[in-house]
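Worksheet for the structure shown next.
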Amino acid sequence: MENDFVKEITPKTEDFSQWYVDVILKAELADYSPVRGCMVIRPYGYALWENIQQLLDDRFKATGHKNAYFPLFIPESLLQKEAEHVEGFAPEVAWVTHGGNEKLAERLAVRPTSETIICNMYSKWIKSWRDLPVLINQWCNVVRWEKSTKPFLRTAEFLWQEGHTAHRTKEDAEEEALRMLEVYRDFVETDLALPVVTGEKSDNEKFAGASKTYTIEALMSDGRALQAGTSHNLGQHFAKAYDITFLDQDGQLKYVWQTSWGITTRLIGAIVMVHGDDRGLKIPPTIAPIQAVIVPIFGRQTELVLNKTNEIFTKLKTEVRIELDDRDEYTPGWKFNEWEMRGVPVRIEIGPKDIQKQQVVLVRRDTGEKFTVSEPELLSCLKTLLNEIQENMFDQAKRFMQENIREIDNFDEFKQVIDAKRGFIKTHWCGNPECEKFVKEQTGATLRCIPFSEQSTIGRCIVCDKESNIIAYFAKSY
RNA sequence: CGGGGCAUAGCGCAGUUUGGUAGCGCACAUGGUUUGGGACCAUGGGGUCGGGGGUUCGAAUCCCUCUGCCCCGACCA
């Protein structure tokens, strides 16, 4: 029955990648552009991003951050000051070499991230311990010359938010990095209904130039992991490279301690991959551009039905993000499929029979469940239902993730599970980067994180069999 | 960046093997009948066959080249 509904979409089980691209294109989240690796985010996809921005920005403000904007271009000399950082980003920097027809005296990097230019400014702005902390965020685009791209998950240009903070003490910076990771976790789980594992990255996987990188890792429904957000404790690496000093209370000149943290439009890809099904998108109500759609069933009483749907639409539109699909050129069945494909959480059907009984029909996108409510109860029912859908979507995804975290202490089994089922593999790791590398070479899985939640127990490294108290999650990832 | 595949109307495809001047379904436009899970009839519009170059009397078709997309690796949010 499922397959009969949305003919344009390749079934998930047949070809997950094709399914993913089909959904994005057909639901009009994005489209390919004439520029290699760059996509156009269409209004429906951008509305999702705007909702993400709004909800996150509120959280940033609530934790004391302010927005600012820094230049798109970064002089080459500036970019090169922090050695580890340059090395990390060098292969994917896009360069501006000419202004008009004139060759530039110094090449300009199109920002792949803004640490360097922001640090440059911070060194001017910060003089005293009284200037600290500096808590700035910017919403912008960045460019990374990627070799292989995929809509939302990896594009040459993408939209994101990058927070950059400077603190007086090491402890303050650590606290900030963890605070923002928690902001991300809360946002992603509560508002996007995407369950995540929180933890720390290994040295191999951490951000170029960071002391520590913290991450939230989500699991896509094909069993691959996706880094959904990161928060870095930058230590004093950048402060030293960019000379960001302040005079402390004790009269000593000191380097600041910094953090940076970001999430990107990649999250939209995660929403598609975690929640979507063979009918298309499923968008969590909290961020859905359209939370409910009214589909009138005209029968032979167009005017009667139109009056009623208009009346209800007007009543509801101040309370929920709702649309009235009163187009006459499509049949109700066509509209059902269309809105399901686009992931609208609730459909409200209103026809002559309903009007007679003073009721409406509600249909949930997450479960397909269909039921009637009396007209006076519609608003309260709808609100409750949206909350229920939000929770149900999270619970479903959470269950899937938990079912796909497998504790394994035997390397052959590790290999087999990564091949056959994917998902996260929870195991012991001795901390040696060589062992980590070995896993990657042998299985294709990378160390996603060292989770916070796990009690450290004594075990043996999955590779070298040395005694270890580090628990690590490995997975194939996007 | 390596290996493989694909590119013909908005979308999905046929035509390419064997060169002869482009077709089908859906979508779109107009009119009418319809409307509780992708309605039907009639009429109509839409193509530099991904770009460039070559072979030929003649190229969607053969050759070269470039670009984009998809899959698998390496690199990354």
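Convention: sequence-line order gives letters A, B, ...; per-chain numbering from 1. Keep in mind that the numbers below use all heavy atoms, side chains included, and drop hydrogens, waters and symmetry copies.
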Inset, instruction - Let me know which of Val23(A), Leu153(A), Leu267(A) forms a side chain to side chain contact (heavy atoms under 4.5 Å, CB included) with Val272(A). - result: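 It is Val23(A); the other options fail the test.
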Just the table, please: protein N/O against nucleotides 31-34 of chain B N/O, every pair under 3.5 Å.
unit_1  : atom_1 : unit_2    : atom_2 : d
rU34(B) : O4     : Asp328(A) : OD2    : 3.2

How many whole angstroms separate atom [atom1] of [X] from atom [atom2] of [N]?
| X | N | atom1 | atom2 | answer |
| --- | --- | --- | --- | --- |
| Ile418(A) | rG73(B) | CD1 | P | 12 Å |
| Glu28(A) | rG10(B) | CD | C1' | 11 Å |
| Ile294(A) | rG36(B) | CD1 | P | 18 Å |
| Asp31(A) | rG10(B) | CG | C1' | 11 Å |
| Glu340(A) | rG36(B) | CD | C1' | 14 Å |
| Ile9(A) | rC11(B) | CD1 | C1' | 13 Å |

Inset, instruction - Using the closest heavy atom to pick a nucleotide of RNA chain B for each, name whichever of Asp354(A) or Glu205(A) lands nearer the 5' end. - result: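 Nearer the 5' end of the strand: Asp354(A).
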Inset, instruction - By nearest nucleotide on RNA chain B, pick out whichever of Gly351(A) and Gly88(A) is the more 5' one. - result: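 On the 5' side of the pair lies Gly351(A).
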Can you tell me the Watson-Crick or wobble partner of [N], both distances under 3.5 angstrom?
| N | answer |
| --- | --- |
| rG2(B) | rC72(B) |
| rG25(B) | rC11(B) |
| rU56(B) | none |
| rG46(B) | none |
| rU34(B) | none |
| rU18(B) | none |

Select base, sugar-phosphate, or nothing to describe what [X] touches, counting heavy atoms under 4.0 Å on all strands.
| X | answer |
| --- | --- |
| Leu25(A) | nothing |
| Lys26(A) | sugar-phosphate |
| Arg327(A) | nothing |
| Val295(A) | nothing |
| Glu146(A) | base |
| Thr113(A) | nothing |
| Pro296(A) | nothing |
| Phe158(A) | base |

Could [X] and [Y] be called an ion pair, given the rule that one side-chain N must be under 4.0 Å from one carboxylate O?
| X | Y | value |
| --- | --- | --- |
| Glu28(A) | Arg342(A) | yes |
| Glu349(A) | Arg347(A) | yes |
| Lys415(A) | Asp419(A) | no |
| Lys308(A) | Glu375(A) | yes |
| Arg59(A) | Asp191(A) | yes |
| Arg179(A) | Glu175(A) | yes |
| Arg279(A) | Glu338(A) | no |

Distance, [atom1] atom - from [M] to [N], rounded to whole angstrom:
| N | M | atom1 | answer |
| --- | --- | --- | --- |
| rU48(B) | rG10(B) | P | 8 Å |
| rG23(B) | rG38(B) | C1' | 25 Å |
| rG54(B) | rC71(B) | P | 36 Å |
| rU16(B) | rA7(B) | C1' | 13 Å |
| rU55(B) | rU61(B) | C1' | 13 Å |
| rU8(B) | rC69(B) | C1' | 16 Å |
| rG20(B) | rC11(B) | P | 26 Å |
| rA14(B) | rC75(B) | P | 37 Å |

Legend entry - Stepwise ring pair (Phe, Tyr, Trp, His ring centres under 6.0 Å) check, Trp261(A) with Trp160(A): CA-CA 10 Å; Trp261(A) 26 274; Trp160(A) 77 347; over 10 Å; no
Considering only [options], which nucleotide approaches the side chain of [X] most closely?
| X | options | result |
| --- | --- | --- |
| Glu349(A) | rC1(B), rG37(B), rG36(B) | rG36(B) |
| Lys147(A) | rG37(B), rU35(B), rC1(B) | rC1(B) |
| Arg144(A) | rG37(B), rA74(B), rC76(B) | rC76(B) |
| Glu338(A) | rG38(B), rG36(B), rC72(B) | rG38(B) |
| Lys440(A) | rC76(B), rC75(B), rA74(B) | rC75(B) |

Legend entry - Under 3.5 Å donor-acceptor, His275(A) side chain and Ala397(A) backbone: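 Such a contact is absent between His275(A) side chain and Ala397(A) backbone.
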Inset, instruction - Would you check if the side chain of Glu82(A) reaches a backbone N or O of Glu84(A) as a donor-acceptor pair within less than 3.5 Å? - result: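 Yes; judged by distance alone, with no hydrogens or angles, the pair exists.
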Inset, instruction - With ring pair (Phe, Tyr, Trp, His ring centres under 6.0 Å) as the test, would you mind laying out the steps for Phe474(A) and Phe414(A) before giving the verdict? - result: CA-CA 9 Å; Phe474(A) 287 85; Phe414(A) 182 122; 5.5 Å; yes
Inset, instruction - Might you work through the ring pair (Phe, Tyr, Trp, His ring centres under 6.0 Å) test for Tyr20(A) and Tyr478(A), ending with a clear yes or no? - result: CA-CA 13 Å; Tyr20(A) 174 74; Tyr478(A) 276 103; 7.5 Å; no
Inset, instruction - Could you label the plane-to-plane angle of the Phe452(A) and Tyr214(A) rings as parallel, tilted or perpendicular, counting under 30° as parallel and over 60° as perpendicular? - result: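 Tilted: the ring planes of Phe452(A) and Tyr214(A) meet at 30° to 60°.
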Legend entry - base_contact_polar (rG38(B) base, Arg279(A) side chain, donor-acceptor, <3.5 Å):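 Under the 3.5 Å cut-off, the side chain and the base do not form any donor-acceptor pair.
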Inset, instruction - Dump the intermediate steps for side-chain hydrogen bond (donor to acceptor under 3.5 Å, both in side chains) on Thr113(A) and Arg111(A), then the final yes or no. - result: CA-CA 5 Å; Thr113(A) 177; Arg111(A) 66 179 162 220; over 6 Å; no
Output one line per pair: protein atom, nucleotide atom from nucleotides 65-71 of chain B, and distance, for all N/O pairs under 3.5 Å.
unit_1  : atom_1 : unit_2    : atom_2 : d
rC69(B) : OP1    : Gly37(A)  : N      : 2.9
rC69(B) : O3'    : Tyr32(A)  : OH     : 3.1
rC70(B) : OP1    : Tyr32(A)  : OH     : 2.5
rC71(B) : OP1    : Ser17(A)  : OG     : 2.6
rC71(B) : OP1    : Lys150(A) : NZ     : 2.9

Show me the protein contacts with nucleotides 27-30 of chain B, counting only N or O atoms at under 3.5 Å.
unit_1  : atom_1 : unit_2    : atom_2 : d
rC28(B) : OP1    : Tyr330(A) : OH     : 2.9

